[in-house]
K.L.:
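Right, I'll just put the structure down here and ask away after.
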Amino acid sequence: MPDSDSTPKYRYNARLAAQIEAKWQDRWESRRTFETPNPAGPLAEPAKIAGRKKLFILDMFPYPSGAGLHVGHPLGYIGTDVFGRFKRMTGFNVLHALGYDSFGLPAEQHAITTGVHPRENTEANITNMRRQLRRLGLAHDARRSVSTTDEAFYRWTQWIFLQVFNSWFDDERGAARPISELIAEFESGRRPTNGTTWKKMSPRERKQLVNDHRLAYLADAPVNWCPGLGTILANEEVTAEGRSDIGNYPVFKRNMRQWTMRITAYADRLLDDLDRLDWPESIKLMQRNWIGRSEGARVRFASPQGDIEVFTTRPDTLFGATFMVLSPEHPLVDALTMSAQQRAVSAYRAQAASTTDADRQSDTREKTGVFTGAHAVNPVTGKQVPVWIADYVLMGYGTGAIMAVPSGDERDFAFARKYDLPIVATQMPPDAWFASHGIAPSADCTTWPAAFVGEGVYINSRNDTSAASGGRGSNALVLDGITEMAVAKQRTNAWLEAHGAGSAAITYKLRDWLFSRQRYWGEPFPIVYDEDDMPVAVPDTLLPVTLPELSDFKPQALDPNDEVTDPIPPLARRADWVHTEMEVNDPLTGAKRARAKVRREINVMPQWAGSCWYELRYLDPTNTKTFSNADVERYWMGPQHDGHTGGVDLYVGGVEHAVLHLLYSRFWHKVLYDLGHVSSEEPFHRLFNQGYIQAYAYRDARGQTVPAADVQDRDGKHFYKGEAVSREYGKMGKSLKNIVTPDEMYDEFGADTFRLYEMSMGPLDQSRPWNTRDVIGMQRFLQRVWRNLVDEDSGELTVSETECPEPLLRALHVAIDGVQRDMEGMRFNTAIAKLIELNNALTKHVESSGATPRVVAVALTQMLSPLCPHLASELWERLGCEGEITYAQFPVADPKLLVTDTIEIPVQVNGKVRSRITVPREANQDALRAAALADAAVAKALDGKSPRNVVVVPGRLVNVVV
RNA sequence: GCCCGAGUGGCGAAAUGGCAGACGCGACGGACUCAAAAUCCGUUGCCUGGUAAGGGCGUGUGGGUUCGACUCCCACCUCGGGCACCA
């Protein structure tokens, strides 16, 4: 909106907004308005927190991208800022800060192509992002803005890694304990040491035994090798298509020795504690699915080459297990394969090995497999069953072998039909099942078109006549006649246990977490290898282990399809850094050792490491003695009552972190809790998923995207330079040419208008399309507010000290009441609508009387303050109010002004509104009925018919039923 | 395939068992202006009726519960997200 000569000097437009906003941003900074007092530690100001409740609100840790922000990024930040500012005005001590998750691939990729050090690039990006965010007027405590790449920060990331490294999971207690306690148990013989006694073991053997129990351990494991990125990836970072989450490069399975975190030890707690969290159900569900707990049984099938153990969730169908299927990679396959089958088995295994996981798991593929020639014994029937291998059985889940029950499992059914294997029913499906398949009820599976999965009466499920029972009838397993699956499972499990053939068991889909990355721009591990090639912690006094300087950041083997070459991490190039001397503490005794040659770990940590605990560092960012003072942590994150998990009061971010970040941080937090370093059991007590701002994009006839900003709409069609273009809808991005930046919004409207527009678009948790054209509405609103309080020509206040007329005063208090409740519930869109309504009422008053009553001006300014803090601060100052509006009390509605003597209620006839009647507020049923029936419009609608029933809801409505 | 979420004016949306469409955009009409922009005022779900009074229809589709359903239940359709041979 360019100014012209006729534009009043004090009109609230982008130019004036920019002045006001810069003024207040500078003032907040110099007055240190948003610095939040701590109860203890370096930032302690105990006097300031006395008698105030606390609130810790948190935005998901941003990566400082080189592209800068677009208008979609700040949505959550504005939301938390509005909420935090509102809570400050209701007396809370609010902790709100924003730091930077600044390690990671993009800066390193940039370094590879440009030769600019990742640190330089990262810092430039952070500076730009700080500038863009400062312009938004966020009430963040700047002292707490940490970056994961700061040595003062990653010193503690390394320290936490060592806490994990130096602990083990005690299954009996279900919690982590210091590794020294495990060593003590081994030494004393209280805990068995795999055959040889502790005393007889060599130091190397002892270290290995201990290492195998650590929560952070080295493992030769099948990993996701991504040559395109030159690194391995965690399972969670690989897409369903078998490609990298970042960069979309091919990913290959291969074995490598890697740092691994024993997150599976926490599977049950990670699952169970979800019930105590205030999170969206959908996110809880995604975590539950990811953890993938299934209850069932492990069952051993005897074979000449030893027992084959399977996991099944349906032990109750064991009588129907007519064959077994092993994964092609199963270690027993070689031994089991009969010579006649050798050739077929090898061919199948080779073929399976050359197929990617993604292809193997495509469900459109027909089932394939080969017979090994071997047989095993079904423990309940005593019968020999053939052993097959097939790639639909995965080595990575359960035991890598299954008992196939074709009558009760679709996959086994398909396999049995294809290879003509026997199918025996163990449950009689209900008649409805047969009816839905269009066949007559029969226990003969040859007539079945599919497996039956569900509750049905058990049949063919008794072994009191078979060899397996050894003739001991009373020891037999009899399921026939049972109708409930749970009962049948329980009986089978008991029988298996009594006969040493198996036991109830639980498995998880969750795998341990691969923690090594063959990169440069990450936290170095605080680990060296000793003379036994065993990992040893770098002593605390030598932390942080800083990243050595490099001139070339490129990892080796960058051909995306090169799955053979081993990764060589960039740090390996600094031989002088890798091979060093150090005084370490003995990993078994803890005693200080003499200076000796060691070799450094050359992998770095994944980007998740810093984001696993950053919220704890916000609490006490400058503490050099500990990662966070214990009293400070208890104050901000401690449990609120018995059974409360503790944690951040409100965590806002996108749903894309539902599994990765949120699961990893919960795991680290629980380890810290077990070791007594934090008082909270969970990092994030309440989670809120904000929606996304998306945008329209346009393509011309050739399919090329055209700049969305230059597209014109006419009659529901879209034109670019006169040519018709087609519209699509998607994420903001360079490729769609539909980016709108906050900077453009600041220039055109100002930060307050931008904030208001983002909050008014809809509920915070819903995604919506950006539409620059709509922003003007919020600017007009602020312009009207300004004009109601300030003369546009003279800049003088137009506020009167005269009494406010009652209708306007009532409108004010109705607005206060509604806005207060909407703010509390984070329904900022409806809060804004109520403020607009109030201002529209005020405008009518000003049109007739020429001035705004002071009481309305003050309260309106206060209510606007969380949403438009710059404008509100300016008006607050002009109104001559004391102190900073940031800490002024939010207005409180007078209940007396919310109720009226008479109310208008609708009268329905047969559910359709036909009239409205005005009645005293406390009118009772009889009075309402009489008033409604006496109404002329109602009489007309009744058309002479007499009411059959009259429903009266006092205070709400009357419904006359004819 | 399985699981979860969402479908309301031209558009963003509001109403969570009780007056459907608050509020904003856009559109249309008007004021100001030489004119335009900006700003201000008014109208605006659809159909019908005379540009009136009035009437009818209407929250993805079909059914159900209820005096009353955008809201609760069942089935289906469409879109979005997650998982995917998990034994």
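Because only heavy atoms are used, hydrogens play no part in the values below, and waters and symmetry mates are left out as well, while side chains stay in. Chain letters run A, B, ... following the sequence lines, proteins first, then strands; residues in each count from 1.
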K.L.:
Using the P atom as the point on both nucleotides, what is the distance between rC74(B) and rC4(B), in whole Å?
P.N.:
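Approximately 12 Å lies between the P atom of rC4(B) and that of rC74(B).
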K.L.:
Could you walk me through whether Asp512(A) and Thr264(A) satisfy the side-chain hydrogen bond (donor to acceptor under 3.5 Å, both in side chains) test, starting with their C-alpha distance in whole Å, then the side-chain angles of each, then the deciding distance to 0.1 Å, before giving a yes or no?
P.N.:
CA-CA 6 Å; Asp512(A) 275 346; Thr264(A) 52; 2.6 Å; yes
K.L.:
Report yes if the side chains of Asn738(A) and Tyr698(A) come closer than 4.5 Å at any heavy-atom pair, otherwise no.
P.N.:
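Answer no - side chains too far apart.
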K.L.:
Would you mind reading off the distance between Leu835(A) atom CG and rA22(B) atom P, rounded to a whole angstrom?
P.N.:
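Taking CG of Leu835(A) and P of rA22(B), I get 18 Å after rounding.
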K.L.:
Indicate, with a heavy-atom threshold strictly under 4.0 Å, whether Gln783(A) touches base, sugar-phosphate, or nothing.
P.N.:
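Sugar-phosphate: the residue Gln783(A), judged by heavy atoms under 4.0 Å, touches backbone atoms but no base.
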K.L.:
State which of rA87(B), rA14(B), rG55(B) makes the closest approach to the side chain of Thr312(A).
P.N.:
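Of the options given, the side chain of Thr312(A) lies nearest rA87(B).
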K.L.:
Flag the pair His657(A) / Leu687(A) as yes when at least one side-chain heavy-atom distance between them is below 4.5 Å, and no otherwise.
P.N.:
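Counting from C-beta outward, His657(A) and Leu687(A) never come under 4.5 Å.
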K.L.:
Tell me if a side-chain donor or acceptor on Ser760(A) pairs with a main-chain N or O of Ala833(A) at a distance below 3.5 Å.
P.N.:
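Not confirmed, Ser760(A) side chain does not pair with Ala833(A) backbone.
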K.L.:
Using a cut-off of 4.0 Å on non-hydrogen atoms, how would the nucleic acid contact of Val953(A) be classed: base, sugar-phosphate, or nothing?
P.N.:
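Answer is base: heavy atoms of Val953(A) come under 4.0 Å of a base.
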K.L.:
Please give the stem ranges for RNA chain B, sorted by first residue number, where a stem is three or more consecutive Watson-Crick or G-U pairs and both donor-acceptor distances are under 3.5 Å.
P.N.:
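RNA chain B stems, ordered by first number: B:1-7 with B:77-83, B:10-12 with B:23-25, B:26-31 with B:39-44, B:45-48 with B:54-57, B:60-64 with B:72-76.
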K.L.:
Measure CD/Gln779(A) against P/rC25(B) and give the value in whole Å, please.
P.N.:
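Checked: the CD to P distance equals 12 Å.
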K.L.:
Closest approach to the side chain of Arg787(A), judged atom by atom: which nucleotide of rC86(B), rU39(B), rA13(B) is it?
P.N.:
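For Arg787(A), the side-chain atoms sit closest to rU39(B).
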K.L.:
What contact category does Asp412(A) fall into here, base, sugar-phosphate, or nothing, at under 4.0 angstrom with non-hydrogen atoms?
P.N.:
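The answer is nothing, as Asp412(A) stays clear of every strand by at least 4.0 Å.
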K.L.:
With a non-hydrogen cut-off below 4.0 angstrom, is Asn959(A) in contact with a base, only sugar-phosphate, or nothing?
P.N.:
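Base contact.
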K.L.:
Is any side-chain heavy atom of Phe754(A) closer than 4.5 Å to one of Val775(A)?
P.N.:
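No; the side chains remain at least 4.5 Å from each other.
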K.L.:
Rounding to a whole Å, what distance do you find between Asp793(A):CG and rU39(B):C1'?
P.N.:
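Answer to the nearest Å: 12 Å.
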K.L.:
Need one value for Thr313(A): base, sugar-phosphate or nothing, where a base atom within 4.0 Å counts as base even if backbone is also close, heavy atoms only.
P.N.:
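Sugar-phosphate only.
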K.L.:
When you get a sec, tell me which of rG24(B), rA22(B), rC19(B) is the closest nucleotide to the side chain of Ile836(A)?
P.N.:
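Nearest nucleotide to the side chain: rG24(B).
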K.L.:
In whole angstroms, how far is the P atom of rA31(B) from the CD atom of Glu847(A)?
P.N.:
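To the nearest whole Å, that distance equals 17 Å.
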K.L.:
Considering only the P atoms, how many Å lie between rU66(B) and rC86(B), rounded to the nearest integer?
P.N.:
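Their P atoms lie roughly 43 Å apart.
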K.L.:
Could Lys367(A) and Phe415(A) be counted as a cation-pi pair, given that NZ or CZ must be under 6.0 Å from the ring centre and within 45° of the axis?
P.N.:
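No, cation not above the ring by the 6.0 Å, 45° rule.
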K.L.:
Looking across every strand, which nucleic acid part, if any, lies under 4.0 Å from Thr507(A) by heavy atom: base, sugar-phosphate, or nothing?
P.N.:
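Result for Thr507(A) = nothing.
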K.L.:
Is the shortest side-chain N/O distance from Lys844(A) to OP1 or OP2 of rG42(B) below 4.0 Å?
P.N.:
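Result: yes.
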K.L.:
Mind calculating the distance between CH2 (Trp290(A)) and P (rC2(B)) to the nearest angstrom?
P.N.:
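Trp290(A) atom CH2 is separated from rC2(B) atom P by 21 Å.
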K.L.:
In whole angstrom, what separates Arg948(A)'s CZ from rC67(B)'s P?
P.N.:
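In whole Å, rC67(B) P and Arg948(A) CZ are 9 Å from each other.
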K.L.:
Taking OP1 and OP2 of rG24(B), is either one under 4.0 Å from a side-chain nitrogen or oxygen of Arg768(A)?
P.N.:
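No, outside the criterion.
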K.L.:
On a whole-Å scale, what distance lies between the C1' atoms belonging to rU65(B) and rA14(B)?
P.N.:
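That atom pair is separated by 26 Å.
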K.L.:
Find the distance Tyr692(A):OH to rG82(B):P and express it as a whole number of Å.
P.N.:
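In whole Å, rG82(B) P and Tyr692(A) OH are 9 Å from each other.
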K.L.:
Looking only at side-chain atoms of Leu285(A), point me to the closest of rC4(B), rA14(B), rC83(B).
P.N.:
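From the listed options, rC4(B) comes nearest.
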K.L.:
Taking the side chain of Ile776(A) as heavy atoms from C-beta outward, which of rC25(B), rG18(B), rC86(B) is closest to it?
P.N.:
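Out of rC25(B), rG18(B), rC86(B), the nucleotide with an atom closest to Ile776(A)'s side chain is rC25(B).
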K.L.:
Which nucleotide wins on minimum distance to the side chain of Lys367(A), given the candidates rC85(B), rG18(B), rC25(B)?
P.N.:
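Of rC85(B), rG18(B), rC25(B), rC85(B) is nearest to the side chain of Lys367(A).
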K.L.:
Report yes if some heavy atom in the side chain of Leu835(A) is under 4.5 Å from a heavy atom in the side chain of Val785(A); otherwise report no.
P.N.:
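With C-beta onward as the side chain, the pair stays apart.
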K.L.:
Kindly indicate whether the side chain of Val424(A), heavy atoms from C-beta on, has any atom under 4.5 Å from the side chain of Phe319(A).
P.N.:
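No - every pair of side-chain heavy atoms lies 4.5 Å or more apart.
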K.L.:
Mind listing the residues from residues 396-411 of chain A sitting with a heavy atom below 4.0 Å of RNA chain B? Number order is fine.
P.N.:
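Going residue by residue through residues 396-411 of chain A, the ones with a heavy atom under 4.0 Å of RNA chain B turn out to be Tyr397(A), Ile402(A), Arg411(A).
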K.L.:
Between rU39(B), rC67(B), rA22(B), spot the one nearest the side chain of Glu837(A), thanks.
P.N.:
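Shortest atom-to-atom distance from the side chain points to rA22(B).
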K.L.:
Answer yes or no: are there more than 12 heavy-atom neighbours, outside Lys418(A) itself, under 6.0 Å from its atom NZ?
P.N.:
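Counting other residues, nucleotides and ligands, NZ of Lys418(A) exceeds 12 neighbours.
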K.L.:
Check the orientation of Phe311(A) and Tyr397(A). Use parallel for under 30°, tilted for 30 to 60°, and perpendicular for over 60°.
P.N.:
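Answer is perpendicular, since the angle exceeds 60°.
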K.L.:
With syn defined as a glycosidic torsion within 90 degrees of 0 and anti otherwise, which applies to rG49(B)?
P.N.:
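It is anti.
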K.L.:
For Leu326(A) and Ile308(A), which heavy atoms make the closest approach, and how far apart are they?
P.N.:
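Closest pair (atom of Leu326(A), atom of Ile308(A), distance): CD1-CG2, 4.0 Å.
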K.L.:
Taking atom types as they are modelled, would you say the side chain of Asp774(A) forms a donor-acceptor pair with the base of rC25(B) within the 3.5 Å cutoff?
P.N.:
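Checked by distance alone, the answer is no.
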K.L.:
Could you check whether the side chain of Arg773(A) and the base of rC25(B) have a donor-acceptor pair of N or O atoms closer than 3.5 Å, going by distance alone?
P.N.:
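Side chain to base: no pair present.
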K.L.:
Closest nucleotide of RNA chain B for Phe311(A) versus for Arg914(A): which of these residues is on the 5' side?
P.N.:
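The 5'-side residue here is Arg914(A).
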K.L.:
Rounded to the Å, how far apart are Asp391(A) CG and rC85(B) C1'?
P.N.:
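My rounded result for the distance is 9 Å.
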K.L.:
Which of the following nucleotides, rC85(B), rC41(B), rC25(B), is nearest to the side chain of Arg780(A)?
P.N.:
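Shortest atom-to-atom distance from the side chain points to rC25(B).
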K.L.:
Please tell me which of the listed nucleotides, rC85(B), rA14(B), rG24(B), lies nearest to the side chain of Arg784(A)?
P.N.:
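For the Arg784(A) side chain, the nearest candidate turns out to be rG24(B).
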K.L.:
Toward the 5' end of RNA chain B, which comes first, Val951(A) or Arg11(A), by nearest nucleotide?
P.N.:
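Here Arg11(A) is the residue nearer the 5' end.
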K.L.:
Check step by step if salt bridge (Lys or Arg N to Asp or Glu O under 4.0 Å) holds for Lys834(A) and Glu837(A).
P.N.:
CA-CA 5 Å; Lys834(A) 285 168 183 136; Glu837(A) 282 180 290; over 6 Å; no
